[in-house]
Amino acid sequence: MAQEKLPHRSGEVAGQVSKFITAFSLYGKCHNICDQNFIDEAQACALDQAIQEFMAFFRDTYPEATVPIKMHLLEDHTLQWASNNHVGYGLLGEQGAESIHAKFNRLGLAFAAIKDRVKNLTCIVKEHLLSIEPQLVAAIPPPAKRVKNTMAM
């Protein structure tokens, strides 16, 4: 008897698998944009479009389902967060924190020759800021030229 229901069930399962593949692919677009360190205006527009496509698919495919809290956050709060902060949610989780911690450790090694602790930390933070906000490089004034000492000793 189980054998008789198998063809019907396998078609039903294939339909569900297809729906899940589409849902995860659409969510993957949102995640890939939202997991970046820096989100500019073009990426924010792409994120908005990806979220709308994902949520439209979810609502069309599962009209009786309620929207889980994480999907509510994605739909109603992610774009505002990304637009205001120019970063995605990737930095908020434990992995994001560990990633930044590792980056600061690497920068600490790179600037280890600077013995003054305040200057050392200033260089580390500036380097990190320039790596996540590269457009700030243009705002950095060029170093002041040294005045040649013409007085002889």
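Reckoned from all heavy atoms, side chains included, excluding hydrogens, waters and symmetry mates. Position 1 is the first residue of the sequence; numbering continues from there.
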A.B. asks: For Gln16, look at atom CD and say whether over 12 heavy atoms of other residues, nucleotides or ligands are found less than 6.0 Å away.
C.D. replies: yes

A.B. asks: Any sub-3.5 Å donor-acceptor pair from Ser18's side-chain atoms to Gly15's backbone N or O?
C.D. replies: no

A.B. asks: Just by modelled atom types, is the Lys115 backbone N or O under 3.5 Å from a matching donor or acceptor in the Asn120 side chain?
C.D. replies: no

A.B. asks: Between atom CG of Leu121 and atom CZ of Phe104, what is the distance when rounded to the nearest 0.5 Å?
C.D. replies: 9.0 Å

A.B. asks: Report yes or no: does Thr78 contribute a side-chain atom to a donor-acceptor pair with the main-chain N or O of Cys34 at less than 3.5 Å?
C.D. replies: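 Between the backbone of Cys34 and the side chain of Thr78 there is no qualifying donor-acceptor contact (under 3.5 Å).
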
A.B. asks: Nearest 0.5 Å please: distance from the OG1 atom of Thr122 over to the CG atom of Asp116.
C.D. replies: 8.0 Å

A.B. asks: Would you say Leu73 and Trp81 make side-chain contact, with heavy atoms under 4.5 Å?
C.D. replies: no

A.B. asks: Are the side chains of Phe111 and Lys119 in contact, using a 4.5 Å heavy-atom criterion?
C.D. replies: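 Answer no - side chains too far apart.
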
A.B. asks: With distance as the sole test, does Gln43 use its side chain to make a donor-acceptor pair with the main-chain N or O of Asp40 at under 3.5 Å?
C.D. replies: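 At least one qualifying donor-acceptor pair exists.
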
A.B. asks: Enumerate the residue pairs fulfilling salt bridge (Lys or Arg N to Asp or Glu O under 4.0 Å) with a member in residues 47-64, sequence neighbours excluded, ordered by first and then second residue.
C.D. replies: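 Found Lys29-Glu53, Arg59-Glu75.
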
A.B. asks: Evaluate whether atom NZ of Lys19 has more than 12 neighbouring non-hydrogen atoms of other residues, nucleotides or ligands under 6.0 angstrom away.
C.D. replies: yes

A.B. asks: How many angstroms lie between SG in Cys123 and CG in Leu107, if you round to the nearest 0.5 Å?
C.D. replies: 10.5 Å

A.B. asks: Evaluate whether atom CD of Gln80 has more than 12 neighbouring non-hydrogen atoms of other residues, nucleotides or ligands under 6.0 angstrom away.
C.D. replies: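 Open.
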
A.B. asks: Any donor and acceptor pair, going by atom type alone, linking the side chain of Ser25 with main-chain N or O of Ile21 inside 3.5 Å?
C.D. replies: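 Flag set: sc Ser25 to bb Ile21 pair under 3.5 Å.
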
A.B. asks: Measuring from Leu109:CG to Arg106:CZ, what's the distance to the nearest 0.5 Å?
C.D. replies: 9.5 Å

A.B. asks: When rounded to the nearest 0.5 angstrom, what distance separates OG in Ser131 from NZ in Lys103?
C.D. replies: 2.5 Å

A.B. asks: Kindly give the cluster partners of Leu26, where membership spreads through any ILVMFWY side chain lying under 4.5 Å from a current member.
C.D. replies: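 Via sub-4.5 Å side-chain contacts, Leu26 links to Phe20, Phe24, Tyr27, Ile33, Leu47, Ile51, Phe54, Met55, Phe57, Phe58, Tyr62, Val67, Met71, Leu74, Leu79.
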
A.B. asks: Let me confirm one number: the CG-CD1 distance from Asn105 to Ile100, rounded to the nearest 0.5 Å.
C.D. replies: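 One finds 12.0 Å between CG of Asn105 and CD1 of Ile100.
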
